[in-house]
Amino acid sequence: MLKIIFSVIARDLQLAMRRQADIVSALFFFVIVVSLFPLGIGPETDLLRKLAPGVLWVAALLATMLSLPRLFADDHRDGTLEQLALSPYPLGLIVTGKTIAHWLVSGLPLALIAPILGVQFDLAADALWVLTLTILIGTPALSGIGAIGAALTLGLRGGGVLLSLLVLPLYIPVLIFGAGAVEATVSGLGGDGHLSLLAAMTTAAIGFAPWASAAALKIALE
Amino acid sequence: MLKIIFSVIARDLQLAMRRQADIVSALFFFVIVVSLFPLGIGPETDLLRKLAPGVLWVAALLATMLSLPRLFADDHRDGTLEQLALSPYPLGLIVTGKTIAHWLVSGLPLALIAPILGVQFDLAADALWVLTLTILIGTPALSGIGAIGAALTLGLRGGGVLLSLLVLPLYIPVLIFGAGAVEATVSGLGGDGHLSLLAAMTTAAIGFAPWASAAALKIALE
Amino acid sequence: MLEADNLECLRGDNRLFAGLGFTLAPGELIYLQGRNGAGKTSLLRMLIGLLPPESGDIRWQGESIGKQRDEYHAALCYLGHHNAIKEELTPLENFHHAARFAGQDMDEDAALDALAQVGLAGREDLPCRYLSQGQKRRVALARLVVDRRPLWVLDEPFVALDVAAVDWLAQIISAHLQRGGMAIMTTHQAVEIPAGAVRELRIG
Amino acid sequence: MLEADNLECLRGDNRLFAGLGFTLAPGELIYLQGRNGAGKTSLLRMLIGLLPPESGDIRWQGESIGKQRDEYHAALCYLGHHNAIKEELTPLENFHHAARFAGQDMDEDAALDALAQVGLAGREDLPCRYLSQGQKRRVALARLVVDRRPLWVLDEPFVALDVAAVDWLAQIISAHLQRGGMAIMTTHQAVEIPAGAVRELRIG
Amino acid sequence: MIDRFNLYRFASPATFYPLAGKLIPWFAAAGVLFGLVGLYIGMLVAPTDFQQGEGYRIIFIHVPTSWMSMFIYLVMAFWAAIGLAFNTRLSGMMAQALAPTGALMAFLSLWTGALWGKPMWGTWWVWDARLTSELILLFLYIGYMALVAAIDDPRRADKAGGILLLVGVVNIPIIYFSVKWWNTLHQGSSVNLTKSSMAEIMLWGMLLMALAFWMYAIAVALARVRTLMLERERNAEWVRKMLSEENA
Amino acid sequence: MIYWNSFADFLAMGGYGLYVWGSFGVTALVMVAEPILVARNQRASVARLKRQLRAEQRAESRSPAA
Ligand code: HEM
Ligand SMILES: Nc1ncnc2c1ncn2[C@@H]1O[C@H](COP(=O)(O)OP(=O)(O)OP(=O)(O)O)[C@@H](O)[C@H]1O
Ligand SMILES: Nc1ncnc2c1ncn2[C@@H]1O[C@H](COP(=O)(O)OP(=O)(O)OP(=O)(O)O)[C@@H](O)[C@H]1O
Ligand SMILES: [Mg+2]
Ligand SMILES: [Mg+2]
């Protein structure tokens, strides 16, 4: 059980390392989108501080989303996905591995760099900490839900835009609780409630989403 | 000269009509991103009004950007791009046609729907008008610059994210003047200066960018 | 033993075949023939359970394959039109991952041995991107050297191979049949399999 | 007259060919041969100016093709591995667009006529997505019926065609040569071109 | 005629590779020397700044890195233009070899600037024109490196990267002025880069440090271009000969 | 000649020690790391190319001179 998950993670990480561009690009997309907002809105520190959680979260969401189309597409094109579907392990476990690898490559780096970007928005230390925490807890849910969308749109024309169309509505709860936790902290209300809801959603997504993705993949392979 | 441009525009529009998904998705992405912000930031009207120009502009920019990867990719895959490169007209003219068609499909609809979204952010009538105008004037520059990025990343692994990495920094002046014009109007300073700079940038982009794209396309075809 | 009963295949508006049935016993090879687009790949994908047949039934050891997916997959080795290798990884890495996903862990020596057998000695550490088409195919085929699963499903395995490699692969398939394995394969080339009971099946 | 002098082609680390030269005069056909991966497609792409040669020179009517790009393109008709048709558009629309991009406007009747000649009568208004592989190839070939440009460069034009269509295309090429046209083509099939001076060129 | 011949000889990898190898130690030594003297003057001799206290000493890194980050981009664009115009092999490699150093300089400029801003302005970061354009410059570097890394064929990579560099270099002034406009129109500049007339000794320290960074960048870029050259020309006669000679 | 009174003063940088040394430290780190990385890449390249060359020569010498 665990072994196949680890094998998949190891392979996907190895691939990401070989390609390099993969990791760096999702991260820099995040950085760039976040940096665009002050440019669009103006440099007033007070205003920016208020926006920070929302902007960072929306950017994290978009960055994750943009890396989704390739989650299964490469394996699909070169026939690896067929082989994975034919392995004697449940496809859901394999998708779990791929989802975790996706998060390690596209979610975790966001959490690591978020504090630096938060500083650009002049966030206080505790808010920075909560922000990092929410992104750390929330992005696995984004990867999990996103995997379902990626599996559903695998091999379709215009799949990329279709994928965002499918996935964004499902991302909204994560966004609301993620940004909400930071705002609550900034305004002194305490973000614990939000955080535990976020954690609950992530747990549910990680447990449930891979099986939905696996079902969708089987359809895509027909 | 003009004839070949019109032929290219006519064909691309015909294709977009046949596919439908193309037009609808860019528009929907725009709408969804704009609607995410109030969710991420909270419902305070004053705050939202201040944000409106920036958010709408960043969303327009992202929506345009997401439709870029397919600008040349389809023609590349099925061999049409080679035929276009071999036609007895300068490739720059053909790219001009494709850029204009891209704008008609992905920029113009944004300008048309922007006032409605602006109302959601409680913008005043004159600001709405300037907002629409800036998006109308600014998006052609986005299409033009974006075409360079699309041509440079044509056929590359992970092209989509790479494309955004290349193109977003170059979009920044458009964003600043676009959002700046609206903000200046809102704050009563008058956005004429910004608007004329925006128009100048668009003119330059439309005139110059297709030739850079054409050069990049020739490299991609080697 | 693999049995197919009364299979029907619809793609879009076309009925590719209907009423197709056969039995594949240990030591037997079915040689699937038909023009391009006749439905050979579609049939193979039905047999491995990726494409549900419009009607009809496929049984492995007497039981429908849908009801014992994981067990069936553990008994099955499929090689498709695509090589299922990653261009960024080396042959050795690709081989390891493939073995692991098939549930068979492999020590370094056995892996190097298999790669040497398919003529990739000296290229184990070169990213597959730099390999030729035929060498890429060989990386995928290296799995067959060590594979002991009873049922092989091979879709045009000889494509892109040179003459020596075709002979080598025919030997490998023969050995598999002599061990009591089963195989079903398609190919447009005429290839002689030296041992085992070879049967032709024509569709379309 | 097309002249190539001392051409050299490098792809990645491989030198595909070097010192290759030939002259193609009106009424002549060069039949390019070589194994897969020998560099045939690469050579054709050099000749049409899409791939700059590592060294060597290509001249059209005595002048280097790099210096007269637009004029050269106006004299050149290229048909590659890909059909360059849009699946969403009908054969008629595809044909019109292709003609327009080549700088040749076409009235409706001439277009319908050309499509009928390639056996697509009755399918002019069906999106190409629904056409068979061979019919898609025919949509691309329909251009040759009306094309009067002197130089044809054809990369495996016979692929996916049935016997009747192969004969028809051979006739079309002969007619082109008899009109004083030039052609250079590759193919793995053995096809007899009834008229014109046919020469073989082998690479790799 | 003789000039031309020499230039081409110089630009050919077979000649340039050993030449670069010989030059690197000299540039490195010059860099260390200038750096030590600059640091000595800047850190030990120069007096304090009456407005900023000792914090101003960051200037001895901040300004040289800022200059280098902009200058290296210009040099890369120059090589790109040469490469696109004359199709020389060396120029693309030069541009590629400079990029990581340029990106590092941009990063260091941002880093030291942020560390300077905290004590001086009370914040790590403001969206000021100069700062913002430096950030965008860093993105341009990264975009260039990502593009070049994504293209397998080095000649294609050179050309595509060259186009990007030229487009970018046209944009840098536009970006700078747009940000400046946006910023100053919007609100009175809350930030004043203090332009205290520097003591002569400080100026000397800064110039020496700038020279040191310059030498450093040249040395590193030359070293990197050697690696690139070796990889690209691995099948060329001179590389094979050199490798087998070193073997013996 | 030397401006500082004591080494401790020098380290404290008039209260700006963290910022000044933060800047200099990271810069020094980067400027030491980059040349090391470049040199390592160069050595790795040379080693790999040599290995490939040797392998090729061995293959050539083994193949029958046809
Ligand atoms: C992250 C923050 C910063 C960035 C990205 C940045 C960027 C730059 C750049 C690009 C330059 C060179 C521009 C030119 O020479 O015209 C520069 C120069 C300079 N910066 Fe900064 N800077 C930052 C923070 C600061 C701070 C906080 C101060 C001082 C309070 C400062 C003081 C200076 C000075 C004095 C120069 C030299 C100006 C000249 O020679 O004209 N910078 N900086
Ligand atoms: N969605 C679809 N709509 C209509 N027809 C389809 C669809 N999908 C597949 N087909 C048809 O089904 C057939 C699939 O054939 P298959 O791939 O099984 O052929 P094959 O015998 O393996 O051919 P080859 O020898 O070329 O590999 C083709 O004729 C194809 O046109
Ligand atoms: N970037 C590259 N790096 C290394 N080798 C390459 C690269 N691009 C192409 N090649 C090689 O160059 C050759 C290209 O051959 P080309 O497509 O011209 O062959 P062909 O004669 O047309 O073959 P076919 O008969 O299959 O169409 C192949 O051997 C391929 O492996
Ligand atoms: Mg098949
Ligand atoms: Mg070919």
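The shown structure was predicted, so the numbers you read here are calculated from the model rather than taken from an experiment. Throughout, a chain's letter reflects where its sequence line sits, starting with A, and its residues are numbered from 1. Reckoned from all heavy atoms, side chains included, excluding hydrogens, waters and symmetry mates.
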Peer 1: Contact part of Leu76(D) toward chain B, heavy-atom cut-off under 4.5 Å: side chain, backbone, both or neither?
Peer 2: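 Looking at Leu76(D), just its side chain touches chain B.
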Peer 1: Could you pull out the closest heavy-atom pair between Ile48(D) and Leu86(B), with the gap in Å?
Peer 2: O-CD2, 3.6 Å
Peer 1: Salt bridge or not for Glu93(D) and Arg18(B), using N-O below 4.0 Å?
Peer 2: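 Judged by the 4.0 Å cut-off on N to carboxylate O distance, Glu93(D) and Arg18(B) do form a salt bridge.
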Peer 1: Whether Asp75(B) and Lys86(D) form a salt bridge (side-chain N of Lys/Arg under 4.0 Å from carboxylate O of Asp/Glu) is what I want to check.
Peer 2: yes
Peer 1: Of the listed residues (Arg69(D), His73(D), Glu71(D)), which shares the most heavy-atom pairs with chain B below a 4.5 Å separation?
Peer 2: His73(D)
Peer 1: With a 4.5 Å heavy-atom cut-off, do Asn83(D) and Asp78(B) have their side chains touching?
Peer 2: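 SC-SC contact between Asn83(D) and Asp78(B) ruled out.
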Peer 1: Counting neighbours of CH2 on Trp211(B) that are heavy atoms of other residues, nucleotides or ligands and sit closer than 6.0 Å, is the number greater than 12?
Peer 2: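 Yes, CH2 of Trp211(B) has more than 12 neighbouring heavy atoms, counting only those of other groups under 6.0 Å.
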Peer 1: For Leu221(B), is it the side chain, the backbone, both, or neither that has a heavy atom closer than 4.5 Å to a heavy atom of chain D?
Peer 2: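 Both backbone and side chain.
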Peer 1: Which distance, rounded to the nearest 0.5 Å, do you find between the OH of Tyr89(B) and the CZ of Arg100(D)?
Peer 2: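 One finds 10.0 Å between OH of Tyr89(B) and CZ of Arg100(D).
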Peer 1: May I ask you to check whether over 12 heavy atoms, not counting those of Arg15(D), lie within 6.0 Å of atom CZ?
Peer 2: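 Open: at most 12 neighbouring heavy atoms sit under 6.0 Å from CZ of Arg15(D).
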Peer 1: For chain B, which of Asp70(D), Leu51(D), Leu79(D) has the most heavy-atom pairs under 4.5 Å?
Peer 2: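 Result: the option with the highest number of such pairs is Asp70(D).
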Peer 1: Should the heavy atoms of other residues, nucleotides or ligands under 6.0 Å from CZ of Phe28(B) be counted, would the total exceed 12?
Peer 2: no
Peer 1: Are the side chains of His97(D) and Ser7(B) in contact, using a 4.5 Å heavy-atom criterion?
Peer 2: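 A side-chain contact under 4.5 Å is absent here.
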Peer 1: On a heavy-atom basis, which atom in Leu89(D) and which in Arg11(B) lie closest, and how many Å separate them?
Peer 2: CD1-CG, 4.4 Å
Peer 1: Can you find a heavy atom in the side chain of Ile94(B) that is under 4.5 Å from one in the side chain of Phe101(D)?
Peer 2: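 Ile94(B) does not reach Phe101(D) side chain to side chain.
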Peer 1: Taking only Lys NZ, Arg NE, NH1 and NH2, and the carboxylate oxygens of Asp or Glu, determine whether Glu82(B) and Arg45(D) approach each other closer than 4.0 Å.
Peer 2: yes
Peer 1: If every non-hydrogen atom of Gly79(B) is compared with every non-hydrogen atom of His82(D), which pair is closest and at what distance?
Peer 2: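 The pair with the smallest heavy-atom distance is CA-CB, 3.8 Å.
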Peer 1: Quick one: of Pro52(D), Gly80(D), Gly49(D), who has the most non-hydrogen atom pairs under 4.5 Å with chain B?
Peer 2: Pro52(D)
Peer 1: Within this structure, what is the CG-CD1 distance for the pair Leu50(D) and Ile219(B), rounded to the nearest 0.5 Å?
Peer 2: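 If we round to the nearest 0.5 Å, Leu50(D):CG and Ile219(B):CD1 are 13.0 Å apart.
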Peer 1: Under 3.5 Å, side chain of Gln83(B) to main-chain N/O of Ile85(D), donor-acceptor pair present?
Peer 2: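 Not at all, since once roles are kept as given, no pair shorter than 3.5 Å links the two residues.
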